[in-house]
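Worksheet: the structure to be examined is printed underneath.
This chain uses plain numbering: 1 for the first residue, then up along the sequence. As the structure is a prediction and not an experimental result, all values here were calculated from the model.
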Amino acid sequence: MSSVLVGISSAFAVIVLKTFAHQVFSFATYINGIVKLSFINSILPIVGILLTVFVIKRFLSGTIEKGTSQILFAVAKKAGIIPRKQMYAQIITSSLTVGLGGSAGLESPIVITGAAFGSNYAQRYKLSYKDRTLLIGCGVAAGIAAAFNAPIAGVLFAIEVLLVDVSIAAFTPIIIAAATGTLVSLIALDEATLLNFKEQQTFDYHNIPFYILLGLFTGLLSVYYSRNFIKVEHYFSRLKLNPYKKAFFGASILAVIIFIFPSLFGEGYESIKTLSQHDPGKLLENTLFGRYRNNEWVLLIFVGCAMMLKVFASAITLGSGGNGGNFAPSLFLGSYLGFFFSKFFNLIGFSSLPVSNFTMVGMAGILSGLFHAPLTAIFLIAEITGGYDLMIPLMIVTSISFAISKRFEKHSLDVKALAKKGLAFTSNKDTNILTTLDINKIIQTDYITISPDENLEKLVDLISHSNQVIFAVVNRENQFLGIVHFNDIREKIFNSYSVKYTLVREVMSSPLEIISPEDSMETVMNKFESAKMVFLPVLKNGKYFGFISKSIALEAYRSKLKSMSID
């Protein structure tokens, strides 16, 4: 029942966003059809981004988290707690940005909204961490399923990108949520609002070498997109302008790009449909290149330029203050690459490739490379094309693209920034669990210390009256000088002469590794492994702070592993 309710909530978020975006696109297309010039496409994104910034500053406390990485952060570091405002903030801001023409996608805001519904539902009924995480997955699955009428892709996206440790039993609520989201979307949304394809050509195994080559290109283009997107976002984050000036500056650049390439307006799904149909030349209508509508080489150059500029249009949209995601841009980029690739070989007379097939398979390639989610990519395209005839080329292209992207970029686009800080889940299960542990909770600060000028007689007295086997040697300023372990002085303490006349400084040693309270738990465990010790000292601001016991750290790991297992 919980998964059904979360699924319905996510589906309604999809309905609101998709309907608004589609209506604005229809309005812009209608105006362009009258005036025969794409200026309206340039004005609307400026208005949309400025309105988004206004809403964020006025009603959302001046900030809003963007990208699906915040879900990973919430699961990894905040026990699955997602702020209540994310249930409506993403819908409002992304509808203004993308609905009014910002070159980004609505899927990321949809996913965040679904996750927020799941998290807050679980909080409302005081459910456990495992149940919260599972309902977050339900919200994510329902959002993707409703957005594309693709329930299997929704389930796979939730599991492949979000939930790292899921048993078979946990599939049931996620599947129910995805099915619910799809059903609500089917009932409430017009088919024209969703991305779907009716035309498809037969798969010919003779084209496999070209699909392999397409996989190579999609992988490299994914890396190109990922790196340039981050560069542009960083550029805008460093700009010392107030939010409105930054928004106007970025939106103005975006307006120029969209004026020349109107297909970069909004999500771009309508242009994807156009490319996969029999008359892709319609893409040039009501543009500066309208007179060349029937010139296939001009169309090819137009598609190639729009493809390479998409990353800058999307990064400017989000970097200047707009809200959206990279899911739709990845599909846009993939379809344009698939079209460009197949059309080029056809035009030079090298082969006769099925353009619509390559257009659709290209989408899966970029999605796989950019999000490191090959299974989601395969089944999403299979579902929105209405069949599994392209399964073999989808497998070939997505696997090659994923392998190449993974070779150059260890983490997916949305995870990269968090992974560098050690804050998000990765594909390594041990790392995932270690990131959730707080080092400060396992530091023992009540250990007795000793001065370097004391003799072993004093140390023996301390050992006999405490459970300690290791002592930090510190001076009067509490500066750390070394350690003394019971095993290292075992022979000396049974010699009365040595006990009386041997100073602590003579038997202390320097540890092979020292821990800081700022270290991640993964770093701590690596230091234990490197030093081959069961105790390591912790220094804070250059002074002794406490010890960490390897056994306590491992116990914390085992407890967290048990609590995080979703079953």
pair Leu370-Ser405: side-chain heavy atoms closer than 4.5 Å: no

Any donor-acceptor pair under 3.5 Å from Thr287 side chain to Leu284 backbone: yes

Gln277 CD to Ser356 OG distance, which is reported to the nearest 0.5 Å: 10.0 Å

Side-chain heavy atoms of Pro109 within contact of Ile112, under 4.5 Å: no

salt_bridge(Glu267, Lys18) N-O dist < 4.0 Å: yes

Tyr244 OH: over 12 foreign heavy atoms closer than 6.0 Å: yes

Atom pair CD1/OG of Ile46 and Ser252 - distance to nearest 0.5 Å: 4.5 Å

Main-chain N/O of Leu367 paired with Ser330 side-chain donor or acceptor, under 3.5 Å: no

Arg293 with Asp279: basic N within carboxylate O range, under 4.0 Å: yes

Side-chain touch Leu156/Ile159, heavy atoms, less than 4.5 angstrom: no

Residue pair Leu239 / Lys245, side-chain heavy-atom distance below 4.5 Å: no

Crowding at CZ, Phe248 (>12 non-hydrogen neighbours, <6.0 Å): no

Sub-4.5 Å side-chain heavy-atom contact between Ile301 and Tyr292: no

Check: Leu353 main-chain N/O paired with Asn346 side-chain donor or acceptor under 3.5 Å: yes

Evaluation steps, side chain to side chain contact (heavy atoms under 4.5 Å, CB included), between Leu413 and Tyr225: CA-CA 9 Å; Leu413 176 59; Tyr225 186 98; 3.9 Å; yes

Distance in Å, Ile366 CD1 paired with Ser222 OG, rounded so as to fall on 0.5 Å steps: 4.0 Å

Neighbour count above 12 (heavy atom, 6.0 Å) for Lys85 NZ: yes

Modelled atom types, side-chain donor and acceptor of Ser263 and Tyr336, under 3.5 Å: yes

Gly48 to Leu100 - nearest heavy-atom pair and separation: CA-CD1, 3.4 Å

With Phe350, the ring-ring contact (aromatic ring centres under 6.0 Å, His included) member among Phe341, Phe344, Phe345: Phe345

Ring center gap for Tyr211 and Phe358 short of 6.0 angstrom: yes

Over 12 foreign heavy atoms within 6.0 Å of CG, Leu241: yes

Whether Phe312 and Tyr224 hold their rings parallel, tilted or perpendicular, with breakpoints at 30° and 60°: perpendicular

Atom pair CG (Leu337) and CG (Leu214), whose distance is rounded to the nearest 0.5 Å: 5.5 Å

From CG (Leu300) to CG (Asn295), nearest 0.5 Å: 10.0 Å

Pair Glu409-Ser226, side chain to side chain donor-acceptor pair (under 3.5 Å): steps then yes or no: CA-CA 8 Å; Glu409 294 290 339; Ser226 178; 4.5 Å; no

Backbone N/O of Gly290 and side chain of Glu285: donor-acceptor pair under 3.5 Å: no

Nearest heavy atoms of Phe408 and Val223, plus distance in Å: CB-CG2, 3.9 Å

Donor on one side chain, acceptor on other, Thr97 and Thr52, under 3.5 Å: yes

Derivation and outcome, side chain to side chain contact (heavy atoms under 4.5 Å, CB included), residues Gln70 and Gln86: CA-CA 11 Å; Gln70 64 177 286; Gln86 295 290 36; 2.6 Å; yes

Lys406 (side chain) donor-acceptor with Lys410 (main chain) under 3.5 angstrom: yes

Ser10 side-chain N/O to Val6 backbone N/O, donor-acceptor pair under 3.5 Å: yes

Asn149 vs Thr182, side chain to side chain donor-acceptor pair (under 3.5 Å): CA-CA, chis, key distance, verdict: CA-CA 5 Å; Asn149 190 16; Thr182 304; 4.9 Å; no

Residues Glu233, Phe236; criterion side chain to side chain contact (heavy atoms under 4.5 Å, CB included); working and verdict: CA-CA 5 Å; Glu233 269 207 323; Phe236 276 94; over 6 Å; no

Side chain Thr385, main chain Ala382, donor-acceptor under 3.5 Å: yes

Ile272 side chain near Met363 side chain, heavy-atom distance below 4.5 Å: yes

Whether Ser61 side chain and Lys57 backbone form a donor-acceptor pair below 3.5 Å: no

Minimum-distance pair of heavy atoms, taken over all atoms of Ile56 and Gly321: CD1-O, 4.1 Å

Heavy-atom pair of closest approach, residues Ile260 and Pro262: O-CD, 3.3 Å

Any donor-acceptor N or O pair under 3.5 Å, side chains Gln90, Glu65: no

Pairwise distance CD1(Ile316) to CD1(Ile49) - rounded to 0.5 angstrom: 9.0 Å

Ile15: partners by side-chain contact (heavy atoms from CB on, under 4.5 Å), with sequence neighbours left out: Phe12, Thr19, Val184, Ala188, Leu189

Val16 and Ser95: CA distance, side-chain angles, deciding distance, side chain to side chain contact (heavy atoms under 4.5 Å, CB included) verdict: CA-CA 8 Å; Val16 171; Ser95 64; 5.9 Å; no

Heavy-atom closest pair, residues Gly102 and Pro45: N-CB, 4.3 Å

Exam field: side chain Glu383 to backbone Ala153, donor-acceptor pair closer than 3.5 Å: yes

Validation row: Leu17, Ile91 side chains within 4.5 angstrom (heavy atoms): yes

Under 3.5 Å: donor-acceptor pair, side chain of Ser368, backbone of Ala364: no

Min side-chain heavy-atom separation Ser119-Arg84 under 4.5 Å: no

Ring centers of Phe157, Phe327 separated by less than 6.0 Å: yes

Non-hydrogen atoms of Val397 and Gly365 that approach each other most closely: CG1-CA, 3.7 Å

Phe332/Tyr269 aromatic ring centres below 6.0 Å: no

